[in-house]
Amino acid sequence: KISKIFPPPKAMHLRHRRCGTCFTCAMERDTVSARIRWLERWISTLPWLFIAPAVCTLLCALLLFHWLLLGVGAFLLVAGLLLRYYERRVAIPPVLRYQHTARNIRLVNKTKSLRRRVFYLPWCVSGHLQTLVFPLRNPPETMEHCEREFLLDPSGETVVLDWVNPVETPLGERTPIIISLHGITGCSEQACMKCFAATFSERGFRAVLYNRKGCHPNHPLDEPKTYAYGDYKDMEFVCRTIRSRFPHAPMYGIGVSCGANILVAYMGHSGEDCILDAGVSVCNGFDIVGGMERLPDFYNRLLNRMIRANFFERNQDLLTTCRPDIDVAEVLRSTTAQEFDIAFSLKMHGYTDLTTFYREQSSLRYIAGVRRPLLVLNPADDPLIDINLVPSMLAKSNEHIVFAATERGGHVGYLELPQLRTFMERLAVEWFWAVGSEPSLSSPTNHRGHSTTQTPQGSGRGRAPVAVRGSTRAKKRRSEGF
């Protein structure tokens with residue numbers, strides 16, 4: 001029924017060679033997409049369905065002096081005004097900034113979530129609520145089907161990977177792979193990572209959850225070497241290892257918070273030699289120096305407690321035994337992230353100045369060198385990261401980056417209606433499928449000489465790019481930037 005009501009455009013039929021499933025038609029038949037379309041259709045009508053009867057009821061109540069009608073009219077009026085506010089100020093599409101090249105226009109058109117309204121939870125609209133409620137969400141139980149792998153890097157240290165294979169799709173050497181990077185205080189057991197694994201596996205991807213050294217609760221550090229905020233060497237080692245096993249599979253990466261900082265640093269440092277075919281950066285601060293200066297005191301203290309509990313105290317015995325120069329009492333007395341870095345991080349990585357350490361760990365130094373399609377997603381109400389720190393002006397000089405700013409979302413939140421998936425999960429899947437349908441990846445031999453999975457069938461190759469649909473006012477607002 002949904003495919004009859006909302007027929008897919010003829011130029012967007014992307015047929016998957018491995019399983020023969022038309023991805024666009026599958027998205028059209030998807031229940032979540034159907035509900036989102038229903039909300040888009042009625043969001044502009046619902047407020048007036050409340051306001052119009054409310055005005056009539058209030059007029060009748062004033063003429064008849066009926067208190068019950070007056071109460072009903074007031075209730076309908078308030079409900080209509082709230083829905084109107086939700087329509088105009090909450091459920092609005094992301095604001096985009098990118099170079100209008102032919103490839104970028106195709107990617108934006110295929111990534112439909114970039115051009116649609118985002119229906120956040122009405123009772124969880126604030127950025128603080130989005131940030132604090134999401135970790136309490138019950139993630140799907142996907143870790144029961146995961147396979148844990150231990151890799152030894154060239155220095156002899158252990159890197160932990162959790163593989164979550166597709167549920168119903170048969171595996172093959174060309175099954176797309178997505179590497180997920182967690183935040184500064186998380187691991188593969190984090191709610192966000194479990195949601196990523198569930199969504200990607202259901203969509204036919206092979207999900208890889210990358211645990212940074214010492215972050216997993218069951219696998220502490222082997223050597224007294226810790227990660228830094230922008231240390232991309234382990235990420236490069238993981239990508240090369242996976243590429244050696246699956247030379248013909250498309251590889252993508254997604255990172256949240258500090259994981260996004262590492263992902264962008266790796267893609268920018270590698271440039272044309274980047275192994276990943278595309279990336280998605282979610283809630284990345286880019287400039288750690290400015291981010292730490294603007295970090296609110298409540299979240300600064302909360303971040304310090306989480307770092308000490310989830311990392312330092314877990315590896316305290318090894319670190320204090322092998323590094324006598326670290327004062328444990330000073331580390332435990334620290335109350336902010338800056339104090340923790342002064343007492344611990346600077347000594348571990350050989351720095352003497354905190355500003356220099358933050359500057360060299362920021363992905364802002366590397367983002368100009370990105371040469372693969374990169375989607376940067378940041379909310380304007382992020383309580384931890386100021387939206388002004390996002391270098392969206394680089395879109396004028398780097399055609400490989402698409403910046404998307406949303407009105408709401410919090411820090412790694414993006415809880416929306418219906419409560420089946422978050423906006424960032426849905427957006428990442430659409431972005432990776434759009435990149436996979438590009439001619440450079442769908443041709444028999446891509447830019448690195450590897451065969452890939454997706455082949456566009458009737459996708460309009462050679463035709464003129466389709467402009468983004470919408471009103472002139474909406475186009476102007478989205479093209480102006482953040």
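When reading the values below, keep in mind they use all heavy atoms of this one structure, side chains included, and skip hydrogens, waters and symmetry mates.
- Pairs of residues two or more places apart, or lying in two chains, never qualify as salt bridge (Lys or Arg N to Asp or Glu O under 4.0 Å) while including a residue from residues 396-409.
- At least one side-chain heavy atom of Arg426 sits less than 4.5 Å from a side-chain heavy atom of Glu416.
- Between Ile262 and Met235 the shortest heavy-atom distance is CG2-CB, 4.3 Å.
- Remark: the backbone N or O of Glu272 is paired with a side-chain donor or acceptor of Arg372 at under 3.5 angstrom.
- For Asp153, the side-chain hydrogen bond (donor to acceptor under 3.5 Å, both in side chains) test picks out Ser155, Lys213, with sequence neighbours left out.
- Closest of all the heavy-atom pairs between Glu360 and Tyr351 is OE1-OH, 2.6 Å.
- With contacts defined as side-chain heavy-atom distances shorter than 4.5 Å, the pair Ile288/Phe357 does not qualify.
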Might you work through the side chain to side chain contact (heavy atoms under 4.5 Å, CB included) test for Leu129 and Leu121, ending with a clear yes or no? CA-CA 10 Å; Leu129 290 177; Leu121 293 181; over 6 Å; no

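- Side chain of Asn300 to backbone of Ala337: a donor-acceptor contact under 3.5 angstrom is found.
- Using a cut-off of 4.0 Å between Lys/Arg side-chain N and Asp/Glu carboxylate O, Glu189 and Arg148 are scored as salt-bridged.
- For CZ of Arg245, the number of neighbouring non-hydrogen atoms (other residues, nucleotides, ligands) closer than 6.0 Å is greater than 12.
- Residues meeting the side-chain contact (heavy atoms from CB on, under 4.5 Å) test with Ala278, sequence neighbours left out: Tyr252, Pro373, Trp431, Phe432, Val435.
- Listed by first and then second residue, the ring-ring contact (aromatic ring centres under 6.0 Å, His included) pairs involving residues 267-286 are Tyr232-His269 (not counting sequence neighbours).
- Inter-residue side-chain proximity for Val402 and Thr111 is flagged as unmet; no heavy-atom pair is nearer than 4.5 Å.
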Where do Tyr229 and Ile184 land on the side chain to side chain contact (heavy atoms under 4.5 Å, CB included) test, with the steps shown first? CA-CA 8 Å; Tyr229 298 132; Ile184 186 174; 3.0 Å; yes

Do Val118 and Ile92 pass the side chain to side chain contact (heavy atoms under 4.5 Å, CB included) test, and can you show the C-alpha distance, the side-chain angles, and the key distance before you say yes or no? CA-CA 6 Å; Val118 185; Ile92 58 177; over 6 Å; no

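- Put simply, the side chain of Asn388 reaches to within 4.5 Å of the side chain of Arg294, judged on heavy atoms.
- Side-chain atoms of Arg115 never come within 3.5 Å of backbone atoms of Pro93 as a donor-acceptor pair (strictly under, hydrogens ignored).
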Checking Gln130 against Tyr120 for the side-chain hydrogen bond (donor to acceptor under 3.5 Å, both in side chains) test, could you report, in this order, the C-alpha distance in whole Å, the side-chain angles of both residues, the deciding distance, and whether it holds? CA-CA 9 Å; Gln130 290 270 352; Tyr120 304 97; over 6 Å; no

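- In this structure, Asp287 and Leu389 approach most closely via the heavy-atom pair O-CD1, 4.1 Å.
- With hydrogens and angles ignored, the 3.5 Å screen pairs no side-chain donor or acceptor of Arg212 with any backbone N or O of Gly186.
- When atom types are taken as modelled, the side chain of Asn398 and the backbone of Val370 share a donor-acceptor pair closer than 3.5 angstrom.
- For His411, the side-chain hydrogen bond (donor to acceptor under 3.5 Å, both in side chains) test picks out Ser257, Asp382, with sequence neighbours left out.
- Closest non-hydrogen pair, Leu263 versus Val280, comes out as CD2-O, 3.5 Å.
- One distance of note links CG of Leu302 with CG of Leu384; it measures 8.0 Å at 0.5 Å rounding.
- In this structure, His100 has its ring center closer than 6.0 angstrom to the ring center of Tyr98.
- Annotation: salt bridge (Lys or Arg N to Asp or Glu O under 4.0 Å) contacts involving residues 252-268, sequence neighbours excluded, are absent.
- Between Ala405 and Ile387, the shortest heavy-atom contact is CB-CD1, 4.3 Å.
- Using modelled atom types, one side-chain atom of Glu430 and one backbone atom of Ser113 make a donor-acceptor pair closer than 3.5 Å.
- The closest side-chain donor-acceptor pair between Tyr299 and Thr131, if any, does not fall under 3.5 angstrom.
- The CG atom of Leu96 sits 11.5 Å away from the CZ atom of Phe403 when rounded to the nearest 0.5 Å.
- Note that CG of Asp341 and CG of Asn304 are 9.0 Å apart. Values are rounded to the nearest 0.5 Å.
- With Arg243 contributing its side chain and Phe246 its backbone, the two residues share a donor-acceptor pair below 3.5 Å.
- A pairwise comparison of heavy atoms in Leu374 and Ser281 identifies CD1-N, 4.3 Å as the closest pair.
- Checking side-chain atoms of Asp381 against main-chain N and O of Gly409 turns up a donor-acceptor pair under 3.5 Å.
- In this structure, the separation between CD1 on Ile275 and CD on Glu236 is 6.5 Å, given to the nearest 0.5 Å.
- The aromatic rings of Phe196 and Phe200 sit parallel to each other, their planes meeting at less than 30°, with 60° as the upper class boundary.
- Arg206 and Thr175 are not linked by any side-chain donor-acceptor pair at a separation below 3.5 angstrom, with hydrogens and angles left out of the test.
- Distance check: Arg371 CZ to Met267 CE gives 11.0 Å after rounding to the nearest 0.5 Å.
- Between Glu438 and Lys110 there is a salt bridge, since at least one side-chain N of the basic residue sits less than 4.0 Å from a carboxylate O of the acidic one.
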Steps toward side chain to side chain contact (heavy atoms under 4.5 Å, CB included) verdict (Met193, Asp162): CA-CA 10 Å; Met193 294 293 103; Asp162 289 332; over 6 Å; no

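- The line from CD1 of Ile307 to OG1 of Thr185 is 7.0 Å long, rounded to the nearest 0.5 Å.
- The main-chain N or O of Cys187 is never found under 3.5 Å from a side-chain atom of Asn211 such that the two would form a donor-acceptor pair.
- Counting heavy-atom neighbours within 6.0 Å of Arg305 CZ, excluding the residue itself, gives a total of 12 or less.
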